[in-house]
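Below: one structure, written as structure tokens.
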Number of protein chains: 2
Amino acid sequence: MERSAKQGIRAVAAEAGVSTASVSRALNNPDSVSAPLRARIARAVETVGYIPHAPARELSSRRSRTLGAIVPTIDNTMFARGIASLQKYLSSVGYMLFLTTSGYDLDAELEQARNLVSRGVDGLVLRGDCHHDGLRKMLADYSVPFINVGIYRPDRPYPCVGTDNEAAAHRAALHVIELGHRRIGIVSALQRNNDRASARVAGFRRAMAEHGIKMPPQWHVEVPYTLDDAREAARYLLGLKDRPTAVVCGNDVIAYGVLLEAERSGFSVPDDLSVVGFDDLDWSRHLRPSLTTIHVPTGDTWQRAGEYLVRHLAGEQTIMHHEVDYSLIVRESTASPTRSSK
Amino acid sequence: MERSAKQGIRAVAAEAGVSTASVSRALNNPDSVSAPLRARIARAVETVGYIPHAPARELSSRRSRTLGAIVPTIDNTMFARGIASLQKYLSSVGYMLFLTTSGYDLDAELEQARNLVSRGVDGLVLRGDCHHDGLRKMLADYSVPFINVGIYRPDRPYPCVGTDNEAAAHRAALHVIELGHRRIGIVSALQRNNDRASARVAGFRRAMAEHGIKMPPQWHVEVPYTLDDAREAARYLLGLKDRPTAVVCGNDVIAYGVLLEAERSGFSVPDDLSVVGFDDLDWSRHLRPSLTTIHVPTGDTWQRAGEYLVRHLAGEQTIMHHEVDYSLIVRESTASPTRSSK
DNA sequence: GGATTTCTTGTAAACGGTTACATACTAGGC
DNA sequence: GCCTAGTATGTAACCGTTTACAAGAAATCC
């Protein structure tokens with residue numbers, strides 16, 4: 001027939017001599033179509049070189065098989081690794097990922113979320129539990145499911161998957177306390193709009209309090225997420241007349257900075273200073289001295305977040321709060337303080 | 001009126017008492033609508049809490065304001081940085097990015113490209129110039145523009161933006177040659193399906209040939225992109241009875257591995273071994289010894305790729321082949337070989 | 001002041017799929 | 001052999017926008 005469309009599903013239908021409905025069925029729900037028809041349609045798809053038009057499909061089915069993720073920054077090994085895992089998993093189940101960054105700005109995060117909802121994502125992966133007030137309302141209005149990743153807060157009515165940062169930081173602090181340190185400082189990430197950073201500081205403080213250890217306020221420094229900033233913080237800390245013998249760091253990158261700067265300033269790690277990190281990035285075991293740190297299975301965590309949403313969207317039963325284990329990895333950067341000062 | 005829609009552009013139209021066409025115009029082309037109407041519609045958008053439905057918009061306008069990018073892996077500082085820049089730029093001009101990974105597999109890349117086309121991307125950012133035969137044909141069939149990033153090949157009829165890897169590697173080799181080295185090895189990335197890696201090897205070989213330097217074949221090792229593999233390669237190279245006094249590396253991560261392993265094996269860098277990297281990642285200047293390497297403005301490069309596509313899609317005049325400058329950064333990891341062996 | 005142009009807004013037909021519903025056919029049951 | 005239930009396929013409405021075209025109003029020209 002002359003009027004048949006040149007492309008799209010109608011072209012396939014014309015080629016196979018069937019209706020568009022059958023083509024659609026053969027593609028989306030193969031069992032609902034007889035074997036011979038299915039084969040004929042498959043052949044037609046091949047000859048026409050048909051690639052389905054996702055937006056059209058979404059418009060009529062109200063499902064995009066696309067998830068959105070908003071991370072503070074992608075330029076950070078840990079997020080990169082998490083996103084990579086999430087993406088790999090999603091790809092394996094036929095989903096795609098829209099990735100955006102907020103730069104630790106809550107307004108920007110809301111803006112991005114709006115953008116993603118506009119884009120028609122089926123679900124959203126968010127970082128932590130610290131969001132703009134309007135965010136959850138907006139997601140509820142448009143009934144877009146979401147999950148907070150990287151934290152474990154079973155007390156919240158929202159799904160999450162991650163480690164208990166407070167407990168893990170407590171463990172890290174306990175490690176240096178048990179080694180005999182009493183003069184302990186902390187270099188944390190910026191706590192503003194970052195519940196993970198805050199939780200870690202809280203865990204650290206709890207450990208200190210439980211052992212009756214007082215810490216001078218100047219031993220707590222907050223830094224952005226870069227090696228340079230961490231080095232500067234270390235320079236400050238090590239330059240104090242009254243300085244700590246151990247430093248617990250909010251993450252591994254900060255710990256690297258402290259390590260590098262200590263060595264640069266002539267301090268030996270761990271003899272003069274013990275350093276503990278958090279995250280266990282690749283470099284931690286390669287560095288010399290290698291870094292004692294809290295291992296967090298980042299890849300797993302993000303993949304689980306994806307699994308949760310995919311299952312939820314498929315209508316399956318899911319558990320809302322999933323705790324991911326952490327573990328303390330003791331390496332060369334921590335030792336008893338008795339070796340040097342007492 | 002009772003029959004007016006509860007949501008979508010029709011709700012806004014009803015609220016403002018205008019037609020959907022006017023709402024659409026007010027949103028997409030504000031100038032085409034009178035000021036008072038524009039204001040009334042803006043108010044209606046606000047009260048209704050309207051978020052446009054991108055797939056529907058795309059279906060009718062044939063434009064998605066979305067680009068796709070396919071990288072070998074995101075779990076790699078350099079790509080992460082590039083993607084971050086691209087993403088930031090796109091976001092600033094109202095575009096979004098679909099990010100997928102191919103794992104250095106050409107078939108997977110084609111598959112991902114098909115997926116992205118299906119998703120309706122307006123353009124595609126690809127890595128290098130080594131793709132599946134069917135890829136360019138498919139993109140041509142669906143008239144999806146693309147650009148190769150990270151290479152500079154003005155001889156090709158396809159757009160690209162990046163540095164001349166051959167020339168840059170030549171420069172790196174020249175550096176150690178000029179320092180007086182004659183016993184020079186190379187640890188490159190896997191050349192299979194990686195034209196950048198091959199170009200770098202070629203540049204290195206050209207420099208060697210130009211100076212009449214012969215290299216025993218066992219001094220060329222190829223490794224995947226991980227610290228562990230690079231360390232193993234270094235262990236092998238340094239374990240040879242007849243070993244080089246300088247090693248040129250295919251990228252910084254490989255160089256880090258060589259550096260770490262050399263130190264671990266008791267060799268001093270640069271006294272016993274000079275090491276040159278390529279890319280100038282963050283760690284290069286922080287490491288001790290800091291790494292001599294080729295600096296490549298990765299962020300710029302990727303942003304330019306985005307700019308090219310956005311301009312091209314806007315119908316603006318664009319230059320097809322954009323060369324991005326590299327520069328040799330001399331740091332502590334290279335020195336004249338005379339200090340030790342001669 | 002009437003004709004012509006320009007500007008503003010509305011009407012309705014796409015865009016490319018999915019899917020509720022209708023229909024034709026097949027196979028059992030008795 | 002007729003009725004019923006079930007299966008396979010087709011018909012066409014609909015998803016939420018954009019946009020070509022039409023129409024009405026205002027401005028310009030002579």
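It should be emphasised that the depicted structure is a prediction, and the values quoted were computed from it without experimental measurement. Proteins come first, then strands; the chains are lettered A, B, ... in the order of their sequence lines, and each starts at number 1.
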Does [X] place a side-chain N or O at less than 4.0 Å from the phosphate oxygens OP1/OP2 of [N]?
X: Arg62(B); N: dG16(C); value: yes
X: Arg57(A); N: dT18(C); value: yes
X: Tyr50(A); N: dG17(C); value: yes
X: Arg63(A); N: dT18(C); value: no

Exercise for the section: If a protein heavy atom is under 4.0 Å from the base, mark B; if only from the sugar-phosphate, S; if neither, -; do that for nucleotides 5-12 of chain D going 5' to 3'. Expected result: ---SBBBB
Problem - With His312(A) via ring-ring contact (aromatic ring centres under 6.0 Å, His included) - residues at least two apart - result: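 Expected list: Tyr308(A).
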Problem - Residues that Tyr152(B) engages under ring-ring contact (aromatic ring centres under 6.0 Å, His included), provided they are two or more places apart - result: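 By the ring-ring contact (aromatic ring centres under 6.0 Å, His included) rule, Tyr152(B) matches no residue at all.
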Could you list all N or O pairs between the protein and nucleotides 24-26 of chain C that sit under 3.5 Å apart?
none

Send over the distance from [X] [atom1] to [N] [atom2], rounded to a whole Å.
X: Arg38(B); N: dC7(C); atom1: CZ; atom2: C1'; answer: 14 Å
X: Asn29(A); N: dA20(C); atom1: CG; atom2: C1'; answer: 15 Å
X: Ile51(A); N: dC15(C); atom1: CD1; atom2: P; answer: 19 Å
X: Asn28(A); N: dG17(C); atom1: CG; atom2: P; answer: 11 Å
X: Arg10(B); N: dG10(C); atom1: CZ; atom2: P; answer: 14 Å
X: Leu59(A); N: dG16(C); atom1: CG; atom2: P; answer: 12 Å
X: Ile9(B); N: dA12(C); atom1: CD1; atom2: C1'; answer: 14 Å
X: Glu58(A); N: dT17(D); atom1: CD; atom2: C1'; answer: 13 Å

Report all side-chain donor-acceptor pairs from residues 37-54 of chain A shorter than 3.5 Å, counting only partners two or more places apart or in another chain.
residue  : atom : partner  : partner atom : Å
Arg38(A) : NE   : Pro30(A) : O            : 3.3
Arg38(A) : NH2  : Val33(A) : O            : 3.2
Arg40(A) : NE   : Ala16(A) : O            : 3.1
Arg40(A) : NH2  : Ala16(A) : O            : 3.2
Thr47(A) : OG1  : Arg43(A) : O            : 3.1
Thr47(A) : OG1  : Ala44(A) : O            : 2.9

Handout entry: Within 6.0 Å of CZ in Arg192(A), more than 12 heavy atoms from elsewhere
Key =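 No, not enclosed.
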Exercise for the section: Please confirm whether the backbone N or O of Ser64(B) pairs with a side-chain atom of Asp122(B), one donor and one acceptor, at under 3.5 Å? Expected result: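 Flag set: sc Asp122(B) to bb Ser64(B) pair under 3.5 Å.
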Exercise for the section: Can you run down the ring-ring contact (aromatic ring centres under 6.0 Å, His included) pairs that involve residues 103-149 of chain A, sequence neighbours left out, and say none if there aren't any? Expected result: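 Of all non-adjacent pairs touching residues 103-149 of chain A, those that pass ring-ring contact (aromatic ring centres under 6.0 Å, His included) are Phe146(A)-Tyr158(A).
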Problem - Straight-line distance of Ile9(A) CD1 to Ser19(A) OG, nearest 0.5 Å - result: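 One gets 8.5 Å once the value is rounded to the nearest 0.5 Å.
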Handout entry: dT18(C) base / Ser24(A) side chain donor-acceptor hit below 3.5 Å
Key =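 Checked by distance alone, the answer is no.
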Exercise for the section: Return the nearest nucleotide to the side chain of His53(B); candidates are dC15(C), dT17(D), dG17(C). Expected result: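 Closest nucleotide among those given: dT17(D).
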Under 3.5 Å, side-chain donor or acceptor atoms of residues 87-94 of chain B against the rest of the protein: list the pairs with distances, not counting sequence neighbours.
residue  : atom : partner  : partner atom : Å
Ser92(B) : OG   : Tyr89(B) : O            : 2.6

Problem - Angle by which the axis turns from one end of the helix from dG1(C)-dC30(D) to dC30(C)-dG1(D) to the other, five pairs per end, to 10 degrees - result: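 Here the local axes at opposite ends form an angle of 40°.
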Would you please name every residue forming a side-chain contact (heavy atoms from CB on, under 4.5 Å) with [X], sequence neighbours left out?
X: Asn193(A); result: Leu106(A), Cys130(A)
X: Asn76(B); result: Thr73(B), Met78(B), Phe79(B), Tyr225(B)
X: Glu316(A); result: Arg311(A), Ala314(A)

Handout entry: Summary of salt bridge (Lys or Arg N to Asp or Glu O under 4.0 Å) pairs that have at least one residue in residues 130-152 of chain B, sequence neighbours excluded
Key =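 Those involving residues 130-152 of chain B are Asp129(B)-Arg136(B), Lys137(B)-Asp141(B).
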Exercise for the section: Could you tell me whether Ser61(B) contacts a base, only the sugar-phosphate backbone, or nothing, with contacts defined as non-hydrogen atoms closer than 4.0 Å? Expected result: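 Sugar-phosphate contact only.
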